[in-house]
Amino acid sequence: MTAPRVRFAPSPTGYLHVGGARTALFNWLYARKTGGTFVLRIEDTDRERSTEAHTRVILEGLAWLGVAWDEGPFFQGAFGDRHRADAERLLTAGAAYRCFCTREELDAQRAAAERTGGGFRYDGRCRRLPAGDITARLAAGVPFTIRLVVPDTELAWDDAVHGRISFQGRDLDDFVILRSDGTAIYNLAVVSDDIAMRITHVIRGDDHVSNTPKQIALYRALGAAEPVFAHVPMILGTDGKKLSKRHGATAVGDYQDLGIVPAAMRNFLALLGWSPGGDREIMPEAELVDAFSLDGIQSKPAVFDTVKLEWMNGQYLSAAPADTLLPAVERQLASLGVASAGRDLRPLIDAVKVRSRTILQLAGQVAVRLEGPRGEPDERATALRRKMGPAFAHNLSVVAEALSAVPAAEWTADVLLERVKAAADAAGLKLGDAMQPVRIALTGSTVSEPVNELLATVGPEASLRRIHAAAAA
Ligand code: GLU
């Protein structure tokens, strides 16, 4: 068997949707797993809606995700001559015909069909035009489209995901493959390109299932072998409705901006509609590639659960060496306006990464440990403060008094722990009731590394300033 050739064929008419990214990822995983080739083809034939900006966003999104193509990007718009040649070849072979029906005539036929309650199917009248009639219309320069003769046979395939799917040719009409301006309709362009690029497996969203019988008819008419089709399930929000902007971010770039790291996004997307079997969840790239197969793609829709994505991202952040997180954290600090030049951020990243779910949270907590402003108290911190009542400020002043007595040269985690313990004992406070308000005062959060380490990182001046400010608030 020759090595598989797969492709991702986005239309650059919008941003890179997570569904598209998942399709790209499945193709890429399949190519990596089988030693095949992953082709990227930009389907830019919708000239009005395709833009270079969208193309750029798609390419950047794939690069960010680590989904690298082996061939391309090819631009479908460059293949117009081949699309036309394929249509003409079908015309010559009698597998297609010219249709001179005008838009008005087709509208009238559609209206008539609707009046009698039937759905509109083109009745093939131009197929029966006498040769002389055709020659005369061509000589007069009457515009025409080209339609495929759809045979009255079964058009079926063994879908790698859904099993056997069957349509009847008689239920389809002779669809247009070439417009009167000589440009190809989607189904012809895709099949012509997939044949020319020797694509063996078409892995795409199952919104394309209804196109597949038409494409099979084209493969047969063009005398080309049909590829394996694998239609991957659609993606739903947690409410069971098709994933859309109502559910929040749907663009890959949005997740980058929200502080998701590529490895986590890739792992999460891979498990949307594909399962390695068992209950494995955290699977780095090599494990995904190793376990991937089309058999593992499920036919039922997948649910996009952002809580799970953030959890998974947290797992990747915890495990990542600080060095690899550094560039993203520095970028985020810069956008927060927090100066970090000259500081080694790595120990700070290590201190907070296990408690962060996104780069934004992580950088926010690093900022807190730099000269940056204290984070606003989050929901839990506010609730705890309310629950403690006056004890919150009281306990802070107990700790502040003890800390003020520590000389700057002795401001180390060990000394600080000892002093705060002694002060809490003397005041009859549990250590946690003394420490937790300090944690909130310094970070705005109820979770962090041990408070004495936090105090050591933030330093005497900023620590005391924040404790006094929180006690007075
Ligand atoms: N360009 C089509 C789309 O973006 C994909 C075509 C295909 O995968 O066959 O929906």
Side-chain angles (χ1 to χ4, degrees), residues 4-31 36-59 61-62 67 69 71-80 82-83 86 155 157 159-162 165 167 175 177 179 183-219 222 224-235 242-244 250-252 269 273 294 297:
R5 291 175 58 83
V6 295
R7 86 305 195 269
F8 176 51
S11 305
T13 52
Y15 53 88
L16 179 60
H17 186 273
V18 288
R22 192 265 320 249
T23 299
L25 179 63
F26 282 8
N27 276 284
W28 178 83
L29 284 169
Y30 190 64
T37 302
F38 175 48
V39 179
L40 179 61
R41 182 173 75 229
I42 304 291
E43 305 210 319
D44 57 346
T45 44
D46 182 341
R47 286 182 207 147
E48 267 163 33
R49 293 171 59 225
S50 299
T51 67
E52 270 179 39
H54 287 141
T55 299
R56 198 164 353 97
V57 168
I58 291 170
L59 299 185
L62 293 175
V67 170
W69 48 95
E71 289 181 17
F74 298 111
F75 290 85
Q76 189 162 57
F79 304 128
R82 170 162 43 66
H83 302 157
D86 279 343
L155 297 165
W157 72 97
D159 196 276
V161 176
H162 297 274
I165 300 183
F167 288 80
F175 57 93
I177 55 175
R179 297 183 186 90
T183 60
I185 294 281
Y186 158 75
N187 281 311
L188 173 63
V190 164
V191 171
S192 176
D193 290 355
D194 282 344
I195 293 171
M197 295 174 186
R198 307 189 318 282
I199 298 302
T200 59
H201 294 69
V202 170
I203 304 167
R204 63 182 171 195
D206 66 9
D207 48 330
H208 283 290
V209 163
S210 61
N211 285 316
T212 306
K214 298 180 178 180
Q215 296 182 7
I216 287 178
L218 274 164
Y219 276 98
L222 288 164
E226 293 156 36
V228 171
F229 289 98
H231 287 96
V232 303
M234 62 178 189
I235 301 177
K242 188 166 188 248
L243 189 70
S244 73
T250 52
V252 169
L269 288 177
L294 298 182
I297 300 178

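Order of appearance sets the numbers: ligands from 1, and atoms from 1 within every ligand.
The shortest N or O to N or O distance between A9 and ligand 1 is below 3.5 Å.
At distances below 3.5 Å, not a single donor-acceptor pair connects side-chain atoms of D44 with backbone N or O atoms of F75. The backbone N or O of L188 sits nowhere less than 3.5 Å from a side-chain atom of H83 that would complete a donor-acceptor pair.
Counting atoms of ligand 1 from 1 in the listed order, those under 4.0 Å from a heavy atom of R204 are 7 (C), 8 (O), 9 (O). The ligand atoms of ligand 1 that sit less than 4.0 angstrom from a heavy atom of Y186 are 6 (C), 7 (C), 9 (O).
Distance from atom 4 (O) of ligand 1 to its nearest protein heavy atom, with residue and atom name: S11 OG, 3.3 Å.
At a 4.0 Å cut-off, not a single heavy atom of Q215 sits close enough to ligand 1 to count as contact.
The heavy atom nearest to atom 8 (O) of ligand 1, out of those in H231, E43, R7, H208, is found in R7.
Within the structure, every pair that satisfies the salt bridge (Lys or Arg N to Asp or Glu O under 4.0 Å) test and touches residues 48-59, not counting sequence neighbours, is listed here: D46-R49.
Evaluation of the side-chain contact (heavy atoms from CB on, under 4.5 Å) rule for A21 yields L16, L65, V252, L269 as partners, not counting sequence neighbours.
Between H208 and Y186, the gap from one ring centroid to the other is short of 6.0 Å.
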